[in-house]
Amino acid sequence: MKRGKMLVLPSMVWLGLFFALPLLIVVGVSFASRTAYGQVVFHWTLENYARFLEPLYLTIFVSTLATALITTLFTFAMGYPVAYTIAMVLPKKWQQAGIILVMIPFWINFLIRSYSWVIILRAQGLVNTFLLHLGVIQVPMSLLYNNYAVMLGMVYALLPFMVLPIYVSLEQMDKRLLEAASDLGAAPFTAFRKITLPLTLPGVAAGSILVFISSLGMFVVPDIMGGAKSALMGNVIQNQFLAARDWPFGSALSIILALLSLVMIVLYYKALEAQKGGKSHAEKLA
């Protein structure tokens, strides 16, 4: 037992130094104030959290929540068929190749991937050039620096976070249940609706939380593909630290997003425990 604790000690020290300690510093700074020149003064106040309730920041916060929710829905709509195809349709020997294809974007720097969309969507980009060449359009379309471009970039960036948890749930599912449903005369769609989808809901929930939380703090994609027309909470926090030099307010916004993420994770685990409890009760009754 003592040897096991010693093996865990290095990782705990690492997490303490590079996760817990910085987080505590951010919490402390969020209750501080600043001078006219941006210096942090540890004069404890709740003003930074109260400032979040101003209409401007509440509007940006609601817009961020809506963007994160829509991104989650789109990644689910695109990610579930991809995960299902890899786990249930492809032969066993090709499944690993399918997962590698999903993971390939992670091998490329995130900034490079974001700027590649600028090359594709800009006025002289690949899409407009191709459509002009075909005569479909007469003038270049405005495909960049709007909310649709931001949504496209975020879905592209976060899609693997939805695919992988769903794939794991599909892979762990007992395939004999589908065979039994087929033997009992259930149509493929009925079997999917009553067996496959309910059994993979934990993977859907895990992927949704990963995508939703990542969307809340996203600032690279809105900066590059949205320009000044798209401001999310991540951009506001970045601006407070780098441009406005208002570290206390930026820290307060960061803590608010962190608490929201924590609530989402707790709700996920509560739902998972409730589902496991329901399964255990059903097994006992059976």
Side-chain angles (χ1 to χ4, degrees), residues 19 60-87 97-123 125-128 141-170 203-239 241-242 250 253-254 257-258 260-262 264-265 268:
F19 177 75
I60 295 175
F61 182 67
V62 171
S63 176
T64 302
L65 289 178
T67 302
L69 181 60
I70 295 172
T71 301
T72 304
L73 292 176
F74 271 103
T75 52
F76 168 71
M78 297 174 64
Y80 201 103
V82 172
Y84 186 89
T85 301
I86 296 173
I99 291 298
I100 291 174
L101 288 176
V102 173
M103 295 292 295
I104 281 178
F106 286 122
W107 302 351
I108 304 171
N109 185 275
F110 185 65
L111 274 176
I112 295 175
R113 287 187 282 143
S114 300
Y115 276 112
S116 67
W117 277 107
V118 175
I119 297 173
I120 294 172
L121 299 177
R122 65 185 180 181
L126 295 178
V127 174
N128 278 312
M141 295 185 296
S142 180
L143 301 177
L144 264 180
Y145 310 124
N146 53 53
N147 292 330
Y148 299 107
V150 172
M151 202 70 63
L152 174 64
M154 292 179 69
V155 170
Y156 164 74
L158 301 174
L159 185 60
F161 290 106
M162 181 66 75
V163 173
L164 296 177
I166 295 175
Y167 168 78
V168 172
S169 293
L170 288 166
V204 173
S208 299
I209 288 175
L210 287 173
V211 172
F212 187 83
I213 291 175
S214 300
S215 301
L216 286 178
M218 183 72 72
F219 66 91
V220 175
V221 171
D223 255 4
I224 295 175
M225 300 181 66
K229 296 180 182 179
S230 180
L232 303 181
M233 287 302 296
N235 304 102
V236 176
I237 293 171
Q238 178 199 31
N239 181 69
F241 279 100
L242 300 182
L253 294 178
S254 301
L257 287 187
L260 179 60
S261 303
L262 182 62
M264 295 292 296
I265 294 172
Y268 165 70

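Note that the coordinates shown come from a computational prediction; the quantities given were computed from them, not determined experimentally. All values below were derived from every heavy atom in this structure, side-chain atoms included, with hydrogens, water molecules and symmetry-related copies excluded.
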List for me each residue that meets side chain to side chain contact (heavy atoms under 4.5 Å, CB included) alongside [X], sequence neighbours excluded, and say none if there are none.
X	value
Phe161	Phe106, Leu158, Leu210, Val211
Leu164	Ile99, Val102, Met103
Leu260	Phe61, Leu65, Leu216
Ile265	Ile209, Ile213, Tyr269

Which pair of heavy atoms, one from [X] and one from [Y], lies closest together, and at what distance?
X	Y	answer
Asn128	Ala123	CB-O, 3.3 Å
Pro105	Arg113	O-NE, 2.9 Å
Gly203	Pro165	O-CB, 3.5 Å

Pairwise distance [atom1]([X]) to [atom2]([Y]) - rounded to 0.5 angstrom:
X	Y	atom1	atom2	value
Tyr167	Ser169	OH	OG	11.5 Å
Leu121	Ser116	CG	OG	9.0 Å
Ile166	Ser208	CD1	OG	7.0 Å
Ile224	Leu111	CD1	CG	5.0 Å
Met233	Ser254	CE	OG	8.5 Å
Ser215	Met218	OG	CE	6.0 Å

Hey, does Val221 have a side-chain heavy atom less than 4.5 Å from the side chain of Phe110?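 Counting from C-beta outward, Phe110 and Val221 do come under 4.5 Å.
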
For residues Leu257 and Ile237, determine if any side-chain heavy atom of one lies less than 4.5 Å from a side-chain heavy atom of the other. yes

My understanding is that only residues two or more places apart in sequence, or in another chain, count here; which of them pass ring pair (Phe, Tyr, Trp, His ring centres under 6.0 Å) with Tyr115?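 Partners of Tyr115 by the ring pair (Phe, Tyr, Trp, His ring centres under 6.0 Å) criterion come out as none, since no residue qualifies.
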
Restricting to ring pair (Phe, Tyr, Trp, His ring centres under 6.0 Å), what partner residues turn up for Tyr268, sequence neighbours left out? none

Only pairs under 3.5 Å count here: list side-chain donor-acceptor contacts from residues 69-83, not counting sequence neighbours, and write none if there are none.
unit_1: Thr71; atom_1: OG1; unit_2: Thr67; atom_2: O; d: 2.7
unit_1: Thr72; atom_1: OG1; unit_2: Ala68; atom_2: O; d: 2.7
unit_1: Thr75; atom_1: OG1; unit_2: Thr71; atom_2: O; d: 2.9
unit_1: Thr75; atom_1: OG1; unit_2: Thr72; atom_2: O; d: 2.8
unit_1: Tyr80; atom_1: OH; unit_2: Thr200; atom_2: OG1; d: 2.7

Not counting sequence neighbours, which residues clear side chain to side chain donor-acceptor pair (under 3.5 Å) with Asn235? List them please. Asp223

In a table with atom names and distances, give each donor-acceptor pair under 3.5 Å that connects a side chain of residues 149-157 to protein atoms at least two apart or in another chain.
none

